[in-house]
Structures are given as structure tokens and as C-alpha cells.
Amino acid sequence: MAGFQLPAAKTLCPALALSGSLAFAEVGIGLTHGSNLVIQNIGTGSLVVSSIAYPAGFSGAWSGSIAEGQTQTIVVSFSPSQAKNYGGVLTVNSNAHRGVNTLRVSGKGVVLKALERAEPNWPRKPLQSIQP
């Protein structure tokens, strides 16, 4: 057939972009704070995330597919086990052909002090029993 052409095949090229503020403030030893990591598929075709690798003290499991032009939000947790500075790079492992797959994370583990009473003489009056 003269003049008939097949449409050009779309080249699938998933790409990712990462965003989120993962600079955690001071967190008490044994406590956990979370912050959002956003993974965006800025390419064509489905972006398949197989895993996310974290430095010590950080975690957040997710794997799955992100459609073209869509995003996925994951909660990244910081749980210090020692009083020290934590940090490094998280890495998103995927089928992306381009884009940046790493993001810096940081936080500081601190020892919490016992809470002091707001009123040192509390209670000022002895408690009285309530009679029915």
C-alpha cells in the first residue's frame, strides 16, 4: 500500500526524580521521626522500583511501579540508637534509564534528659478524698 506508514514506536525510557527534606533534627535515642520522600516518574513508560537502600539509622520500605508522570510518597524513618551524627545517601534501585536515584539524609541522635516539674512544690495542697 503506497503512502501507508506505521506510527513510530514510542521508546519507553523511565526516569526518576527524588525530592523531600530528609535532614532530620535532633531525635532522642529510641524514638522515631518520619519525613516524606517523593519518587517521581519523569520519563516514559512504567518506572519499577525494586528497593531502596538506606544508611544506618534510616529506613522505609517500598517497592512497586509508578506510572508515567506520577509520583509515590514514602515515609522515611530516622531511629537513632546512639548519641551521634547520622548521615549518608539513600539509593532508589529501579529500571530508570536516567535521572538522579540518590538523596542525602542526615540526623542527630541525642540523649533525652528527664523532664523537670514545672512547679517544684506541686501539689501545694494535700489531696482530699471525695466522699459519695
Side-chain angles (χ1 to χ4, degrees):
M1 301 183 121
F4 178 76
Q5 292 184 334
L6 291 173
K10 183 177 182 180
T11 303
L12 299 180
C13 184
L16 66 85
L18 303 177
S19 62
S21 177
L22 299 178
F24 292 85
E26 293 181 346
V27 175
I29 295 170
L31 298 178
T32 300
H33 283 261
S35 190
N36 290 337
L37 165 67
V38 178
I39 303 173
Q40 182 178 11
N41 182 355
I42 58 172
T44 56
S46 184
L47 173 67
V48 179
V49 174
S50 56
S51 65
I52 304 172
Y54 296 91
F58 300 90
S59 63
W62 186 82
S63 62
S65 296
I66 304 171
E68 185 176 319
Q70 299 299 305
T71 63
Q72 177 67 44
T73 301
I74 297 108
V75 175
V76 174
S77 297
F78 173 48
S79 303
S81 59
Q82 298 177 15
K84 66 177 192 174
N85 289 319
Y86 289 79
V89 175
L90 70 79
T91 303
V92 175
N93 300 303
S94 72
N95 67 335
H97 294 286
R98 58 186 173 88
V100 178
N101 70 328
T102 61
L103 191 63
R104 290 209 44 83
V105 294
S106 63
K108 183 175 183 176
V110 295
V111 176
L112 295 178
K113 296 179 183 178
L115 297 176
E116 296 178 4
R117 292 185 190 193
E119 293 187 47
N121 297 325
W122 184 88
R124 293 186 181 170
K125 298 179 188 174
L127 298 176
Q128 297 177 4
S129 62
I130 299 175
Q131 301 204 1

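One distance of note links CD1 of I39 with CG of L18; it measures 6.0 Å at 0.5 Å rounding. Atom CD of Q40 sits about 9.0 Å away from atom CD of Q70, to the nearest 0.5 Å. Rounding to the nearest 0.5 Å places CG of N41 at 10.0 Å from OG1 of T71. If you take CG on L22 and CZ on R104, they are separated by 11.0 Å, rounding to the nearest 0.5 Å.
Each of I74, V76, V92 was checked for a side chain to side chain contact (heavy atoms under 4.5 Å, CB included) with W62, and the lone residue meeting it is I74.
S94 is listed as a side-chain neighbour of V49, based on a closest heavy-atom distance under 4.5 Å. Between S77 and H33 there is no side-chain heavy-atom pair separated by less than 4.5 Å. Side-chain contact between L47 and N95 is present, with heavy atoms from C-beta onward closer than 4.5 Å. The shortest distance between side-chain heavy atoms of V75 and N36 falls below 4.5 Å. Residues V105 and Y54 are not in side-chain contact: their nearest non-hydrogen atoms beyond the backbone lie 4.5 Å or more apart. Proximity of R98 to C13: side-chain heavy atoms (C-beta onward) are separated by under 4.5 Å at one or more points.
Between the side chain of S35 and the backbone N or O of S21, at least one donor-acceptor pair lies under 3.5 Å. In this structure a side-chain-to-backbone donor-acceptor pair under 3.5 Å is missing from N101 to T91. In this structure, E68 contributes its side chain and G45 its backbone to a donor-acceptor pair below 3.5 Å.
Ring orientation note: the planes of Y86 and F58 are nearly perpendicular, at an angle over 60° on the 30°/60° scale.
Considering all non-hydrogen atoms of both residues, A96 and L16 come closest at CB-CD2, 3.9 Å. Shown here for G109 and P80, the closest heavy-atom pair between the two residues is CA-CB, 3.5 Å. Taking all atoms of both residues into account, the shortest heavy-atom contact from V111 to A83 is CG2-CB, 3.9 Å.
Note on L12 and V48: separate hydrophobic clusters, where clusters join Ile, Leu, Val, Met, Phe, Trp and Tyr whose side-chain heavy atoms are under 4.5 Å apart, directly or indirectly. Linking ILVMFWY residues whenever their side-chain heavy atoms come closer than 4.5 Å, directly or via other members, leaves V100 and I66 in distinct clusters. A continuous path of hydrophobic side-chain contacts links F78 to L31 [ILVMFWY only; heavy atoms under 4.5 Å].
Between the side chains of N93 and S50, no donor-acceptor pair is found at a separation under 3.5 Å.
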